[in-house]
Amino acid sequence: MKAPVTSIRRQVQLCVGKAGVPVGSLVYVRQGRRENSAFAYDESWLASPASFNVSADLQLLAGHQSHKAASPHDSVFHGAIADTAPDAWGRRVIARDHAKRRKGDPGLPALTELDYLLAVDDFSRVGALRLRDPDGTCWHRTTTGGRRSTPPLIELERVFLASRAVERGDETAEDLRYLQGKGTSLGGMRPKCTLVDEDGRLAIGKFPSVGDARSVTRGEVLALKLAVLAGIDAAPARIVLLGEVPVAVIGRFDRDEADGRIPYQSAASLLQASREEDRSYTEIADAIRTHGHAPAQDVRQLWRRLVFNLLITNVDDHLQNHGFLHVAHGQWRLAPAFDINPFPDKERESKTWLSERDGPITDVGMLMARAAYFGLDEVRARAFLAEVHAVVANWRQVALSADVGLRQSELDDYAPAFEHEQMVQAATLLG
């Protein structure tokens, strides 16, 4: 006799901004192993002159709009909601904590995708979307007494030690309890946390991994500092030392000066893309022209980033690593660049294609040939290329600066990412 299929149905209220203005209701359903969700805008939100569509795969209309994952690798939630869920590292911590607790309580139900979504601390949830109980009484993951689980910079060492224990597999229950809610939606498998920086602003702390063969944290800070010098709007970054351990502290860009929350969605959400699809930068440019607040400026900025990524061998350029911030009335702007890393041990081939016809980006010539699609004539494209090339050519000096702190002996670890045939080709094109 077959066991009955377990069915779960839960509803969550979706709000937006510092004031927590109600936007709509999220309904999550699980039947056996199948999970899906639906979202409905509140009438009050639809009637508001300040309303906008919070996710590109929704319509600003009344009624429930269902969402099913296109593949096992895709979220069961609409794009911008899924963007606020924990990244792979955060999921790892949540799953390990649940597994430990389940040993002591075998009756503890299995984690659902909604459990992961609600495990992010309200204070540090990415963007402006916020989740609370249907009766509006409780923001999810806000700790009792108005306190928050997002640690200040002074606690960085404690977070690092607990994270290192998880990586080694010898974490305690206390380590896992401490790490709960401290994760982030921006990132991947590498250990990290959300924190409150010395200036009171939100930031991400990225830690070295036990398997690192080079100083990856210094490499990311190097890339972000080079990006700024190359005319790219990039997240601010610096190295904080825990003894001899370099931690990358990277500023969050989804809060304003008054600690207001800025709506965010990834390029994957804006394109309504499945993780298993090959999508392109020309499609991102098209989306910018459709939804952008300053489309001409942003598509040119996008092309500059493509040149920079190629010349520093940043090949982890999937659609989750590009984002957009809401400006007003459903218009979005390109978010500052983040998660930029030089990969000296990888082929220079982008994860996101240049166009459906071109395939992945592999050389400067491809980018020059497509510059017009990004609003650049030959003269301006050459000027952009020259600016980026000059900065990347000076990478050793920036790497050795106090802001980055790579040692002379470590430069060879990164040299293949910055000194290669595409740099030579760019110099030749520039004459």
Side-chain angles (χ1 to χ4, degrees), residues 216-239 248 250-251 253 267 281 284-285 288 294 296-317 321-323 333-344 346 348 350-352 354 361-368 370-371 373-406 411 414-431:
V216 174
T217 53
R218 292 190 192 275
E220 181 166 0
V221 171
L222 168 61
L224 287 166
K225 290 197 172 293
L226 288 171
V228 172
L229 294 171
I232 291 167
D233 180 18
R238 73 185 197 279
I239 289 292
I250 300 166
F253 45 73
Y281 284 108
I284 297 177
I288 289 172
Q297 176 183 322
D298 277 357
V299 293
R300 290 194 296 267
Q301 168 77 188
L302 182 63
W303 190 85
R304 186 185 288 265
R305 295 184 189 190
L306 302 190
V307 173
F308 182 75
N309 284 343
L310 176 66
L311 295 187
I312 72 159
T313 320
N314 173 37
V315 294
D316 190 27
D317 64 327
N321 280 347
H322 300 276
R333 64 182 172 91
L334 197 60
F338 64 97
D339 231 347
I340 301 176
N341 290 274
F343 288 93
K346 293 191 177 181
R348 270 169 294 285
S350 65
K351 275 194 172 68
T352 300
L354 177 55
I361 300 167
T362 57
D363 66 78
V364 173
M366 292 173 64
L367 291 173
M368 292 297 291
R370 280 286 180 184
Y373 201 92
F374 297 84
L376 296 165
D377 59 25
E378 185 178 354
V379 172
R380 202 159 191 184
R382 286 172 64 87
F384 278 25
L385 176 61
E387 291 167 10
V388 175
H389 180 269
V391 169
V392 175
N394 194 42
W395 75 273
R396 287 176 178 265
Q397 183 176 336
V398 178
L400 292 170
S401 70
D403 288 341
V404 177
L406 280 167
L411 296 187
Y414 276 107
F418 300 100
E419 299 169 2
H420 47 76
E421 70 278 4
Q422 290 309 310
M423 284 291 288
V424 175
Q425 182 180 344
T428 302
L429 283 170
L430 293 169

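This one's a predicted model, so the numbers in the text were calculated from it and none came from an experiment. The first residue of the sequence shown is numbered 1, and numbering continues consecutively from there.
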Does any non-hydrogen side-chain atom of Asn314 lie less than 4.5 Å from one of Phe308?
-> no
Using a 4.5 Å cut-off on heavy atoms from C-beta on, say whether the side chain of Val398 contacts that of Leu222.
-> yes
Any side-chain heavy-atom pair of Leu334 and Asp233 under 4.5 Å = no
What is the minimum heavy-atom distance between Phe338 and His322, and which atoms define it?
-> CZ-N, 4.1 Å
Taking all heavy atoms of Val364 and all of Leu310, pick out the closest pair and write down the distance.
-> N-CD2, 3.5 Å
Counting distance only, does the side-chain N/O of Lys346 pair as donor-acceptor with the main-chain N or O of Thr313 below 3.5 Å?
-> no
Just how far is it from atom CD1 of Ile284 to atom CG of Asp298, taken to the nearest 0.5 Å?
-> 11.5 Å
In terms of heavy-atom contacts, does CD of Glu378 have more than 12 from other residues, nucleotides or ligands at under 6.0 Å?
-> no
Thr352: side-chain hydrogen bond (donor to acceptor under 3.5 Å, both in side chains) partners, not counting sequence neighbours | none
Would you check, one step at a time, whether the test side-chain contact (heavy atoms from CB on, under 4.5 Å) holds for Arg333 with Gln297?
-> CA-CA 9 Å; Arg333 64 182 172 91; Gln297 176 183 322; over 6 Å; no
Distance (rounded to the nearest 0.5 Å) between Gln422 CD and Thr428 OG1 | 10.0 Å
For the student: nearest non-hydrogen atoms of Pro416 and Pro344, plus distance | CB-O, 3.5 Å
Go through the structure and list residues passing side-chain hydrogen bond (donor to acceptor under 3.5 Å, both in side chains) with Arg380, not counting sequence neighbours.
-> none
Could you tell me which non-hydrogen atom of Ala371 sits nearest to which non-hydrogen atom of Ala381, and how far apart they are?
-> CB-CB, 3.7 Å
Inter-residue atom distance Asp403.CG - Lys225.NZ, 0.5 Å rounding = 4.5 Å
Residues Leu411, Leu406; criterion side-chain contact (heavy atoms from CB on, under 4.5 Å); working and verdict | CA-CA 7 Å; Leu411 296 187; Leu406 280 167; 4.3 Å; yes
Point-to-point distance, once rounded to the nearest 0.5 Å, from CG of Leu354 to CD1 of Ile361 | 5.0 Å
N/O donor-acceptor pair under 3.5 Å between Arg382 side chain and Leu429 backbone = yes
Kindly indicate whether the side chain of Trp395, heavy atoms from C-beta on, has any atom under 4.5 Å from the side chain of Glu419.
-> yes
Checking His420 side chain against Leu311 main chain: does a donor-acceptor pair fall under 3.5 Å?
-> yes
Output yes when Lys351 and Asp316 qualify as a salt bridge under the 4.0 Å nitrogen-oxygen rule, no when they do not.
-> yes
Return the minimal non-hydrogen interatomic distance between Ala223 and Ile312, and the atom names on each side.
-> CB-CD1, 3.9 Å
Less than 4.5 Å apart, any side-chain heavy atom of Asp339 and any of Glu220?
-> yes
Any side-chain heavy-atom pair of Tyr281 and Phe374 under 4.5 Å = yes
Inter-residue atom distance Phe384.CZ - Arg305.CZ, 0.5 Å rounding | 12.0 Å
Atom pair CG (Asn341) and CG (Asn321), whose distance is rounded to the nearest 0.5 Å = 8.5 Å
Minimum heavy-atom distance Ala386-Leu430, with the two atoms named | CA-CD1, 3.6 Å
